[in-house]
Every structure is written in C-alpha cells, then in structure tokens.
Colleague: 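Okay, handing you the structure first.
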There are 2 protein chains.
Amino acid sequence: MSKVFDALSHPIRREVLELLKGGGMTAGDIADHFPVSKPTMSGHFAKLKEAGLIHGENRRGSVVYTLNMSTLEEALHTFMGRMGLGRAEGEARPGTKPQGETQ
Amino acid sequence: MSKVFDALSHPIRREVLELLKGGGMTAGDIADHFPVSKPTMSGHFAKLKEAGLIHGENRRGSVVYTLNMSTLEEALHTFMGRMGLGRAEGEARPGTKPQGETQ
DNA sequence: ATGCAATTTAGGCATTTAGCTAAATACCTA
DNA sequence: TAGGTATTTAGCTAAATGCCTAAATTGCAT
C-alpha cells in the first residue's frame, strides 16, 4: 500500500494513469505528453510498475503499458475502509485485515 | 494533492490518521503508539500538517492533533473521480456493485 | 550483418527523507 | 522564580528522489 501511495504522490505519475484509462500506450507516446526526458519517464514507469499499478508488454520494438486498475482500487478501498470513508457501514470492520503486503 | 498522497505513503502516518479517527490526541500519546523517537514523530506530524490532513492546537502544555477528514476526502474523491472510480452520491447501494468488495 | 528507432541503464548532481541524539523552547505548577 | 513535562529544532548520517546527458540495449527491417 505504501508503494501505491508513493507512486501516486507525483503528478506526472498520476497523469500517466489517467492517460492509460483510455487503453494501452507505448512508453514513447506517453512520454510525449510530458516535458521531461524519456529516461526520467522511464523511471516514473518503473515506480508505477513496482507499485503494481501498470504492466508493460513488449510489442514490435515498443513497450505498451497498460493500467492495472484492480491494484489501484484495492489500495484505495482498503485505506478508505480503514478510515471509515466511501463505502457502506458494514464495510469498515476493524480487525479484518484484507491480508496483504507490508502496511 | 501530491502532498496528501506523499503524506499517505508512510505507514506510520496512515496509522496516525486512523488513531485520530477516534478524536483528538496529544502528540505524546500518539507517539507512544510507535517505535520511533519523538523527534521523528514530530517530523511525521509536520508532514501531515503540511498536507492539511491534521491540525495541531496548543492545550495546557501539550499539542492536541485532530484529523482533518475533509482534506482527505477531497483528495481521494477528486483523484478517484479522475480515474473513473469516483461514483457520485448514490454509491453505497448494496447489490449494484460489480464484485469489488473485500469480503 | 548493419542500421534505425525505442527504451532502459549508468553516472552525476542537488534535494529530500527518515531516522537518531542532544539541545532548545514552550507551558504549567509549585 | 525554578522545576518539570511536552514538543520542536538542530545537526548529523545514510539512503532515496527527480532530473539530466550519454551510452547501452533491444527489436525490426534492410
């Protein structure tokens, strides 16, 4: 969960996720949307991958990144549940840890 | 928004927010829940304050921190809205959900 | 095998982070 | 006024971040 929030703490990385909502894109096409170098973008992709938020696949000399929405949903919903936010009352049962990764 | 996610990226800081769900607590009482020094905790409080997630008030020689839930809600809901996870007010209807629950 | 385009790795630099101990600054109370 | 408790600031180290340019890698097509 820490890695997800850490990945979300940079505006470029959040915008990458938004871009990928519309479907997979190559690293180069994503990078063209931002005013930083491609190596810098590669680092952002690595962080998003490490958090499990995107997934990269080699396709004809390019890498196509796709969004992994379930990781995002799981982290946000788990945390919101703990904070008593968002879902119905029966959701936020304290003591029920949805098994996972280091907090 | 970046500051909010950055604040949420450390487990101690997330737990501090959870603790404060139950009401205001002094810096010392909060610090006693964690295995790090008080100066280190002071740094975490500073980050949470900078993100607008908590607010500190001087009370008889102590500082009482209180949760600012609206900042948290606003950031999370804004981002979830952008990602198409937002769902407006009619969200909490049981039975309409596509299996996202943490059973 | 060569070359080209796309992407990542390497190395460098400035800044920030998370942690510590020790010291300074409140703030109450006697 | 002095003492004690609570909290923050100072000053440090080690590691991570975010950015860059230059070089290495990968994959496809000559």
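So you know, we letter chains A, B, ... as the sequences are listed, proteins then strands, and number each from 1.
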Colleague: Rounded to whole angstroms, how far apart are CD on Glu50(B) and P on dT16(C)?
Modeller: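 About 10 Å, once rounded to whole Å.
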
Colleague: Taking 4.0 angstrom as the limit, do Lys38(B) and Asp32(B) come out as a salt bridge?
Modeller: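 So Lys38(B) pairs with Asp32(B) through a salt bridge.
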
Colleague: With a 4.0 Å limit, can you tell me whether His44(B) has a side-chain N or O closer than that to the phosphate oxygens OP1/OP2 of dT8(D)?
Modeller: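 No, no such contact exists.
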
Colleague: Starting at CZ of Phe5(B) and ending at P of dT17(D), how long is that distance when rounded to a whole Å?
Modeller: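 To the nearest whole Å, that distance equals 18 Å.
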
Colleague: Expressed as a whole number of angstroms, how long is the span from Leu48(A):CG to dT8(C):P?
Modeller: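 Distance, rounded to whole Å: 12 Å.
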
Colleague: Rounded off to whole Å, could you give me the CD-to-P distance for the Glu57(B) and dC27(C) pair?
Modeller: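 Nearest whole value for this atom pair: 13 Å.
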
Colleague: Tell me which nucleotide among dA18(C), dT7(D), dC19(D) gets nearest to the side chain of Lys38(B).
Modeller: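 So the nucleotide nearest the side chain must be dT7(D).
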
Colleague: Would you please confirm or rule out a distance under 4.0 Å between OP1 or OP2 of dT26(D) and any side-chain N or O of Asn58(A)?
Modeller: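 Indeed not, no polar side-chain atom of Asn58(A) lies that close.
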
Colleague: Take the protein atom NZ of Lys47(A) and the nucleotide atom P of dT17(C), then report the distance between them rounded to whole Å.
Modeller: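 About 12 Å, once rounded to whole Å.
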
Colleague: Expressed in angstrom and rounded to an integer, what is the separation of Arg14(B) atom CZ from dA18(C) atom P?
Modeller: 12 Å

Colleague: Could you label the plane-to-plane angle of the Phe79(B) and Phe5(B) rings as parallel, tilted or perpendicular, counting under 30° as parallel and over 60° as perpendicular?
Modeller: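 Ring orientation of Phe79(B) relative to Phe5(B): perpendicular.
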
Colleague: Whole angstrom is fine here: how far is it from CZ in Arg59(A) over to P in dA6(C)?
Modeller: 17 Å

Colleague: Would you check if there is a donor-acceptor pair between the side chains of Ser2(B) and Arg14(A) at a distance under 3.5 Å?
Modeller: yes

Colleague: Please report, rounded to the nearest Å, how far the P atom of dG18(D) is from the CE atom of Met41(A).
Modeller: 12 Å

Colleague: Under 4.0 angstrom, heavy atoms only, what part of the nucleic acid is Phe34(A) near: base, sugar-phosphate, or nothing?
Modeller: nothing

Colleague: Tell me which nucleotide among dT8(D), dT8(C), dC28(D) gets nearest to the side chain of Arg60(A).
Modeller: dC28(D)

Colleague: dG19(C), OP1 or OP2 - any side-chain N/O from Thr40(B) closer than 4.0 Å?
Modeller: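 No.
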
Colleague: Mapping Pro35(A) and Thr26(B) to their closest nucleotides on DNA chain D, which lands nearer the 5' end?
Modeller: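 Looking at the nearest nucleotide for each, Thr26(B) comes out on the 5' side.
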
Colleague: Has His10(B) got a side-chain N or O lying under 4.0 Å from the OP1 or OP2 atom of dT16(C)?
Modeller: no

Colleague: Does OP1 or OP2 of dA6(C) have a side-chain N or O of Tyr65(A) closer than 4.0 Å?
Modeller: no

Colleague: Of Ala46(B) and Pro39(A), whose closest DNA chain D nucleotide lies nearer the 5' terminus?
Modeller: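 Whichever sits nearer the 5' end wins; that is Ala46(B).
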
Colleague: Out of curiosity, Glu15(A) CD to Arg82(B) CZ, how far, rounded to the nearest 0.5 Å?
Modeller: 8.0 Å

Colleague: Does the pair Ser70(B) and Asn68(B) meet the rule for a side chain to side chain donor-acceptor pair (under 3.5 Å), with working shown?
Modeller: CA-CA 6 Å; Ser70(B) 58; Asn68(B) 192 345; 2.9 Å; yes

Colleague: Which listed nucleotide (dT8(D), dC19(D), dT7(C)) is nearest to the side chain of Val36(A)?
Modeller: dC19(D)

Colleague: What's the closest nucleotide to the Arg13(A) side chain, out of dC19(D), dT8(C), dG18(D)?
Modeller: dG18(D)

Colleague: Rounded to the nearest 0.5 Å, how far does CG of Leu20(A) lie from CE of Met25(A)?
Modeller: 7.0 Å

Colleague: What's the closest nucleotide to the side chain of Ala27(B) if the choices are dC19(D), dT8(D), dT9(C)?
Modeller: dT8(D)

Colleague: OP1 or OP2 of dA6(C) sitting under 4.0 Å from any side-chain N/O of Ser62(A)?
Modeller: no

